[in-house]
Asker: 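Below is one structure. I have some questions about it.
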Amino acid sequence: MPDAPVITRFAPSPTGHLHIGGVRTALFCWAFARGHGGRFVLRIEDTDQKRSSEDAARGILEDLAWLGIGWDDGPELGGIGGDARGIGPYYQAQRLEIYQRFLDRMLETGLAYPAFETGDELAAMRAAAQGRKETFCYRRRADYDRGAALAEMRRREAAGEPFVVRFRMPGEPVRVADTVLGDIDFDEQHTDDFVLRKADGYPTYHFAVVIDDELMGVTHVLRGQEHLNNTPRHVALQHALTHEDGTPFRTPVYAHLPLIFNSDGSKMSKRDKDKAVRRVALADDSSKGVAADLVGRGEFDAWQADKTRQLPPEKLHALAVVFSLELPEIDVEDFRRSGYLPPVLCNYLALLGWNPGMKNADGTDLDRFDMAFLCEHFAIERIGKSNSKFDRDKLAAFNQSAIAAMAPGDFAGVLRAWCERYDAGLLTELGDRFGLGAAAIQPRVKTLSQCREPIAFALIADEAVVFDEQAVKKALHKGEPSGLAVLADFRDTLAGVDPFEPAPIEEAVKAFCEGRGLGMGKIAQPLRVAVTGGTVSPGLGDTLALVGKSGVLARIDRCLRECAG
RNA sequence: GGCCCCGUCGUCUAGCCAGGUCUAGGACACCAGGUUUUCAUCCUGGUAACACGGGUUCGAAUCCCGUCGGGGUCACCA
């Protein structure tokens, strides 16, 4: 079946924001389907009633859309998705009747059976096994009475009393053929009679995933290696299940992806953000007081007492601001807020556990590519086996060079969109100087969230400029003629520049230098100090134009007055 | 602990499947120079790795075994 259409799927559970590891999985699934002219399915695995939320599901859809990872079949979002193949719905909570149909047949044929232990009883069984230094593995008792169990199930159904349905695990070893890892044999002794239907009537992950993948025609399953140990369950289920007409289920091609970790080797977790805040907020009594006021006493106490408890994102961000702390980026939303470009994020993520294995013309390895390239060249065969650590410096370097390579107009558009979402204040502060500001920012930032720093001098009042002592000494007082003298000399020339824009300003500076036989630094640095307070700023033309003629002259005059001597 | 996976520069990796061309290549980070009106860029150069021990072989980063190390998983979560 060389020409069988490829169908991949990404199936997140909507229990929070989309995690960066999930993005890579989605990206690979998407690229593989695209590159093979297949389809990419997005399915929401919301079978955990307690933890799932519609908001989270929606957030995940938006995150994927922002990244440029569109799905062919799945929930609709602004023209993405839909049910063209008629295989929906794509929320598992809406597919309960489907699972029940298969379950009823399994119950009839003895492939599945009801079980009545309570949670406490199971816990006791586990404890007992542990006491014997054995791994607990649920198995149907040898003297299990199927007729009686079925009768008890019916009674409980009628009475509304809880029970679960388990899979009767066939007593044979399972071989998982993994495209990345190779063939892996699993002993049947370690695979238990796992639950198919929970007491609340919802299917477990194992059951739903096998049914849905088959019904949705999924041919290739790419997922994280944390699922490797689940795979024998899924394969066993596939071997056991048939459609109503007797057609057996198929086993998709599996490819288990290596995991992504933090740079310190710890697992990347949503809790990392709480961890970072905890470190400073709980450092001493005064910081605790500040944090408690901000969070609210009750919630703060609970959060302090329980290390696994998470604060809502807005409170975490508020605390981060108060303690001037940079929160680690974990979710897509975090990276978006920090100002990474979607294609860069995807490019970097794709390099974690995969690489195209190609060279550039200069002999270096090809590692910068766009989404189209990824689709064209992504191959399961080139997925690595070992876990990797997430390197923010490298991501930032990629982001910086991508920003620098953009057309100025494109960058201004991207920056404006980012500001509208995260820093509307900058838009109003800059007003019609926005284009000038963007030009000054573009070559100097790694991420969009750093946009204020290079132009901070232009965002303060003329009187608020603080002339740095060291800078004044070095640029204004030293040398002959002194910077101060050159500045005073140049002041009126500058006043005559019109229009007061980068190019004419630069020309005026150059002409002045040539006329006086001075090096550029002799005037550039005094100007910088006078206008920005320090010796570091964007190009002179940009710097001065950004402050504006009246501001520049006011700052120079004040500098001449206050720094004389 | 049981089961399972993995192990090349600090990090991501190429090379491994089809052993020699590997005095192990690239990227990020770091260090040193250079260009530039400062910064940021940009350019040049440098430091830095086949986990260890046994085999197999004329020859092993590449094949086999063991040790050690790292990770995953052992739910009515996914």
Side-chain angles (χ1 to χ4, degrees), chain A residues 11-13 15 45-48 50-52 115 117-119 122-123 126 130 133-138 162-166 176 178 180-182 184-187 189-192 194-200 202 204-206 208-209 224-232 256 258-259 261 263 265 267 348 351-355 357-360 362-368 381 384-398 400-401 404 440 442-446 454 471 475 506 509-510 513 519-525 527-529 532 534-540 543:
Chain A
S13 65
T15 55
E45 310 223 320
D46 53 352
T47 55
D48 184 340
K50 288 184 284 294
R51 297 199 303 157
S52 298
E117 289 85 358
T118 64
L122 287 171
R126 262 183 215 106
Q130 198 166 21
K133 290 197 195 300
E134 286 171 15
T135 305
F136 176 64
C137 183
Y138 188 98
F163 66 93
V164 302
V165 178
R166 287 179 182 270
V176 172
D178 188 279
V180 173
L181 270 8
I184 304 161
D185 291 315
F186 289 89
D187 206 323
Q189 301 171 19
H190 304 286
T191 336
D192 60 354
F194 57 93
V195 172
L196 297 173
R197 198 186 89 143
K198 302 184 269 189
D200 65 1
Y202 278 64
T204 56
Y205 161 71
H206 304 298
V209 79
Q225 250 174 46
E226 73 265 23
H227 287 293
L228 185 59
N229 290 302
N230 293 149
T231 312
H256 286 96
L259 270 18
F261 293 96
S263 49
K267 194 174 177 182
Y348 176 72
L351 252 14
L352 260 26
W354 179 82
N355 77 81
M358 296 167 74
K359 298 264 186 216
N360 293 305
D362 65 0
T364 56
D365 291 353
L366 193 160
D367 60 0
R368 315 282 178 121
E381 291 69 33
K385 298 179 178 186
S386 47
N387 299 335
S388 47
K389 291 174 183 170
F390 194 92
D391 181 358
R392 285 196 176 69
D393 285 340
K394 186 160 176 174
L395 205 215
F398 274 41
Q400 178 172 34
S401 56
Q442 187 176 1
R444 299 183 163 71
V445 293
K446 294 181 193 291
E506 295 272 358
V509 172
K510 262 186 203 120
C513 287
M520 282 288 275
K522 205 58 210 175
I523 180 61
Q525 289 309 81
L527 267 175
R528 274 204 172 82
V529 173
T532 72
T535 54
V536 174
S537 86
L540 259 194
T543 299

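The sequence lines fix the lettering, A, B, ..., with proteins before strands; numbering per chain opens at 1.
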Asker: Quick one: look up who B:rC63 pairs with, Watson-Crick or G-U, both distances under 3.5 Å, and put none if it's unpaired.
Answerer: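 Pairing partner: B:rG55.
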Asker: Tell whether A:D365 reaches the base of B:rG25 with its side chain through a donor-acceptor pair below 3.5 angstrom.
Answerer: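 Check passes, donor-acceptor contact within cut-off.
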Asker: Fit a plane to each ring of A:Y205 and A:H227, take the angle between them on a 0 to 90° scale, and name the class: parallel (under 30°), tilted (30 to 60°) or perpendicular (over 60°).
Answerer: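 Tilted: the ring planes of A:Y205 and A:H227 meet at 30° to 60°.
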Asker: Report the base-pairing partner of B:rC30 (Watson-Crick or G-U wobble, both distances below 3.5 angstrom), or none.
Answerer: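 Base-paired to B:rG46.
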Asker: Nearest to the side chain of A:F261 - B:rG71, B:rA27, B:rU8?
Answerer: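 The nucleotide sitting nearest to the side chain is B:rG71.
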Asker: Considering just the side-chain nitrogens and oxygens of A:R368, establish if one lies under 4.0 Å of OP1 or OP2 belonging to B:rG26.
Answerer: no
Asker: Taking only N and O in the side chain of A:R166, is any of them less than 4.0 Å away from OP1 or OP2 of B:rC76?
Answerer: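 Answer yes for this pair, as a side-chain N or O of A:R166 is under 4.0 Å from OP1 or OP2.
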Asker: Nearest to the side chain of A:N355 - B:rA14, B:rC28, B:rA40?
Answerer: B:rA14
Asker: Between B:rC39, B:rC4, B:rG71, which one does the side chain of A:L259 approach most closely?
Answerer: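 Out of B:rC39, B:rC4, B:rG71, the nucleotide with an atom closest to A:L259's side chain is B:rG71.
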Asker: Decide yes or no, distance alone: a donor-acceptor N/O pair under 3.5 angstrom between the base of B:rU37 and the side-chain of A:R528.
Answerer: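 Counting by modelled atom types and ignoring angles, a donor-acceptor contact under 3.5 Å is found here.
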Asker: Donor-acceptor pair under 3.5 Å: do we get one between A:D391's side chain and the base of B:rA29?
Answerer: no
Asker: If you only use heavy atoms from C-beta on, which nucleotide in B:rU37, B:rU11, B:rG71 is closest to the side chain of A:N387?
Answerer: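 When the side chain of A:N387 is considered, B:rG71 is the closest of B:rU37, B:rU11, B:rG71.
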Asker: What's the closest nucleotide to the side chain of A:D393 if the choices are B:rA78, B:rG2, B:rC28?
Answerer: B:rC28
Asker: If you only use heavy atoms from C-beta on, which nucleotide in B:rA29, B:rU37, B:rA27 is closest to the side chain of A:A397?
Answerer: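 Shortest atom-to-atom distance from the side chain points to B:rA29.
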Asker: By nearest nucleotide on RNA chain B, pick out whichever of A:F136 and A:Y348 is the more 5' one.
Answerer: A:Y348
Asker: Let's see if you can work this out: which of B:rU37, B:rC39, B:rC5 has an atom nearest to the side-chain heavy atoms of A:Q225?
Answerer: B:rC5
Asker: Without decimals, in angstroms, what is the distance between A:E45 CD and B:rC76 C1'?
Answerer: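 From A:E45 CD to B:rC76 C1': 16 Å.
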Asker: Would you kindly check whether a donor in the side chain of A:K385 faces an acceptor in the base of B:rC6, or vice versa, at under 3.5 angstrom?
Answerer: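 By the distance-only test, no, there is no pair.
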